[in-house]
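Here it is: the structure, laid out below.
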There are 2 protein chains.
Amino acid sequence: MAHQDADVPDDSAGSALSDVDRFVQQWREQRPDLDPSPIALFGRVHRVYLRYQAVITKCFEDFGLNPASFDVLAALRRAGAPYRMTGTELAAESLLSSAGITFRLDKLEQAGLITRIRDTQDRRVVHSQLTPEGLALIDEAIAAHLDNEHRLLAGVDDADADQLAALLQRLEDSILAARQ
Amino acid sequence: MAHQDADVPDDSAGSALSDVDRFVQQWREQRPDLDPSPIALFGRVHRVYLRYQAVITKCFEDFGLNPASFDVLAALRRAGAPYRMTGTELAAESLLSSAGITFRLDKLEQAGLITRIRDTQDRRVVHSQLTPEGLALIDEAIAAHLDNEHRLLAGVDDADADQLAALLQRLEDSILAARQ
DNA sequence: AGTTAGTATCTAAGCACTTAAAGATTAAGT
DNA sequence: ACTTAATCTTTAAGTGCTTAGATACTAACT
């Protein structure tokens, strides 16, 4: 893992500038005609997402899963018994293309974690359902995943976490509203 | 674009529950033995990132770029004249593997937007430098990109944006600290 | 000088997506 | 009933990454 420690800033000299702050400052110098302030926000979203993905990917490996397969199993599990959803429903929850869902379901079916069941009423529809093995696995994996996420939040107090979630929701709404 | 409007929630009945809030609630019902509250935060990070990527991808298309190629050109541009960085430096700024950077640079070189220059002192090192075409393109693209980002932030007031950036920095620090 | 270790980049194989289009089925309009 | 349109899933081709390992070079030690 090339980035394991190489890019952790040396913070020994007080509150050092973060990488993202440096990017903003560089843009101010190079292009004083522009206002680069949104980078302070979106750059951090980007970096937090990458850091987070790297950590949870490692957590899922213990269960033979990756973020993509975990995502599908978790959607089926939290839907409740009989742990069954259609491809269209799964695509909407995961913000994924239909082809992407087909790919994920192929892998999970090969691994024996889901089965596909053609709908008898509407024969276009295919239901994907957790197998007993899939149910057992996701029930273990979600517990480890939440433990891990709590660990990642150890440095953020509860009030800040709540506020961060609320502000992120406002940001998502703003992005959707701006999407012409 | 399949998700253009299909997944925008109907908010006509007041402040409806967001998708992420529903996920948390479903987990509380299905697994009352677990505390799913971190999902409210990380789920939103994930969704905001996906929404954001979708919008900027469309913006970059106008310049024949994608987020990956824009990222490299922007790093070179904000570094200042002579707009030159090594692969290792670029990988660190973008949190990317060395192979990923090689791939990005191959594409940019084929497009005539950068040139590769072997270092004369240390012949292991390859500098990548903006061509005049690359410089002209990124100078146009960064202006459009920042305009676009300001548009995406229209629904978030400045104080909230600042606070969101600060909280995201705290979250990144917490993730890095927990990464054992 | 010669060996060993470390570093910078690139190659190869594989993976998880994407868009575009096709196939199968259902719904709507006449 | 018949045509047209809409919907659900899958296939095909291509893209941008990943890890693992190869290659080329430099630095450190003896």
Side-chain angles (χ1 to χ4, degrees), chain A residues 1-6 46 49-50 53-58 60-61 64-73 84-92 94-111 114-128, chain B residues 1-7 46 49-50 53-58 60-61 64-73 84-111 114-128:
Chain A
M1 184 82 71
H3 301 292
Q4 192 66 15
D5 289 81
H46 189 149
Y49 176 80
L50 294 180
Q53 283 293 112
V55 174
I56 66 170
T57 298
K58 205 184 290 181
F60 293 148
E61 272 170 18
L65 298 173
N66 60 24
S69 49
F70 175 89
D71 190 42
V72 173
L73 295 181
R84 179 189 291 190
M85 291 175 71
T86 70
T88 302
E89 289 167 348
L90 287 166
S94 298
L95 307 182
L96 211 67
S97 66
S98 58
I101 282 294
T102 296
F103 182 81
R104 288 183 177 187
L105 293 174
D106 285 348
K107 300 288 170 179
L108 289 169
E109 193 176 35
Q110 283 162 29
I114 64 149
T115 49
R116 278 163 156 141
I117 304 155
R118 187 122 243 154
D119 190 295
T120 47
Q121 255 66 43
D122 183 343
R123 293 185 38 74
R124 291 171 300 183
V125 173
V126 175
H127 301 275
S128 293
Chain B
M1 184 79 74
H3 301 291
Q4 193 65 16
D5 290 84
D7 48 8
H46 189 152
Y49 176 79
L50 293 179
Q53 284 293 113
V55 174
I56 66 170
T57 298
K58 206 184 289 182
F60 293 147
E61 271 169 20
L65 297 174
N66 61 23
S69 50
F70 175 88
D71 190 41
V72 173
L73 296 181
R84 178 190 291 190
M85 291 175 71
T86 69
T88 302
E89 289 166 347
L90 287 166
E93 292 225 340
S94 298
L95 307 182
L96 211 67
S97 67
S98 60
I101 282 294
T102 296
F103 182 81
R104 288 183 178 187
L105 293 174
D106 284 348
K107 299 287 170 181
L108 289 169
E109 193 175 35
Q110 284 163 30
I114 65 150
T115 50
R116 277 162 157 143
I117 304 156
R118 187 122 243 156
D119 189 295
T120 47
Q121 256 65 41
D122 183 343
R123 292 185 38 74
R124 291 169 301 183
V125 173
V126 175
H127 301 274
S128 293

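Within every chain, numbering begins at 1; the chains are lettered A, B, ... in the order of the sequence lines, protein sequences first and strands thereafter. Since the model is a prediction, treat every value here as computed from it, not as a measurement.
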Any base atoms under 4.0 Å from Thr88(A), or only sugar-phosphate, or nothing? Heavy atoms, all strands. sugar-phosphate

Got a donor-acceptor pair under 3.5 Å from the side chain of Arg124(A) to the base of dT7(D)? yes

In the structure I gave you, are the side-chain heavy atoms of Leu96(B) and Leu50(A) within less than 4.5 Å of one another anywhere? no

With nearest nucleotides of DNA chain D determined for Phe103(B) and Ala99(B) from heavy-atom distances, which residue corresponds to the more 5′ nucleotide? Phe103(B)

Take the protein atom CD of Gln121(B) and the nucleotide atom C1' of dA24(D), then report the distance between them rounded to whole Å. 17 Å

Any idea which of dT9(D), dC10(C), dT18(C) is nearest the Val125(A) side chain? dT9(D)

Among dT9(D), dT9(C), dC25(D), which nucleotide has an atom closest to any side-chain atom of Thr102(B)? dT9(C)

Pick the closest DNA chain C nucleotide for Asp122(A) and for Val126(B) by heavy atoms, then say which residue is nearer the 5' end. Val126(B)

Do the non-hydrogen side-chain atoms of Arg118(A) and Arg123(A) ever get within less than 4.5 Å of each other? yes

Taken to the nearest whole Å, CG/Asp106(B) to C1'/dG16(D) is 12 Å

Got a donor-acceptor pair under 3.5 Å from the side chain of Ser97(A) to the base of dC17(C)? no

Would you kindly give the CG-to-C1' distance between Leu105(B) and dG16(D), to the nearest whole Å? 13 Å

Does Arg116(B) come within less than 4.0 Å of Asp106(B), counting only side-chain N to carboxylate O? yes

Counting the atoms with a prime plus P, OP1 and OP2 as sugar-phosphate, which does Gly87(A) contact under 4.0 Å by heavy atoms, base, sugar-phosphate, or nothing? sugar-phosphate

Are Asp71(A) and Arg104(A) ion-paired here, with the side-chain N under 4.0 Å from a carboxylate O? yes

Looking for any heavy atom pair under 4.0 Å, which part of the strands does Asn66(B) touch: base, sugar-phosphate only, or nothing? sugar-phosphate

